[in-house]
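All figures in this text were calculated on a predicted structure; none of them were measured in a lab.
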Amino acid sequence: MHIERGPNGDFILESGELAGRFGLSGDDFRRRIRQGLVKSMVERGEAEDIGTCRLSVRLGNRLWRAILSDEGEVRDEAMTFVRGGGRVRGP
């Protein structure tokens with residue numbers, strides 16, 4: 001997966017590709033975005049990780065995270081499950 005940057009620096013991901021990571025069709029994923037069920041966060045690398053970013057996208061109890069190089073290439077990615085229970089902050 002290659003992730004582009006918009007003119008204002010925002011990350012642009014192909015929704016169909018990301019939907020597949022969650023086991024959904026592109027239409028289902030976009031519907032959940034419109035419903036406010038998809039949350040995302042960007043963290044910029046510091047110290048030895050300078051020039052990289054970590055993208056996190058959460059849908060329900062599933063959390064997809066990717067580490068990006070400064071060229072926008074995915075270096076590493078993982079899908080994990082977030083435990084239920086109390087309120088979870090962030091994606």
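For the pair Leu18/Val38, no side-chain contact is recorded, criterion being any heavy-atom separation below 4.5 Å from C-beta on.
The distance from atom CD of Glu73 to atom CD1 of Ile3, rounded to the nearest 0.5 Å, is 9.0 Å. Here the CZ atom belonging to Arg54 is positioned 14.0 Å from the CZ atom belonging to Arg75, to the nearest 0.5 angstrom. Atom CZ of Arg21 sits about 14.5 Å away from atom CG of Leu59, to the nearest 0.5 Å. With values rounded to the nearest 0.5 angstrom, Asn61 atom CG is found 9.5 Å from Thr80 atom OG1.
The two atoms that bring Gly16 and Arg30 nearest to each other are N-NH1, 4.4 Å, heavy atoms only. The heavy-atom pair separating Phe29 from Ser15 by the smallest distance is CD2-O, 3.9 Å. Of all non-hydrogen atoms in Ile12 and Arg5, the two that sit nearest each other are CD1-C, 4.1 Å.
Cation-pi geometry between Arg62 and Phe81 is not met at under 6.0 angstrom from the ring centre and within 45 degrees of the axis.
There is no path of hydrophobic side-chain contacts, each under 4.5 Å, that joins Phe11 to Ile67. Following chains of ILVMFWY side-chain contacts shorter than 4.5 Å, one can reach Met79 starting from Leu55, so the two form part of one hydrophobic cluster.
Counting non-hydrogen atoms of neighbouring residues, nucleotides and ligands closer than 6.0 angstrom, the CD atom of Glu46 reaches no more than 12 such neighbours.
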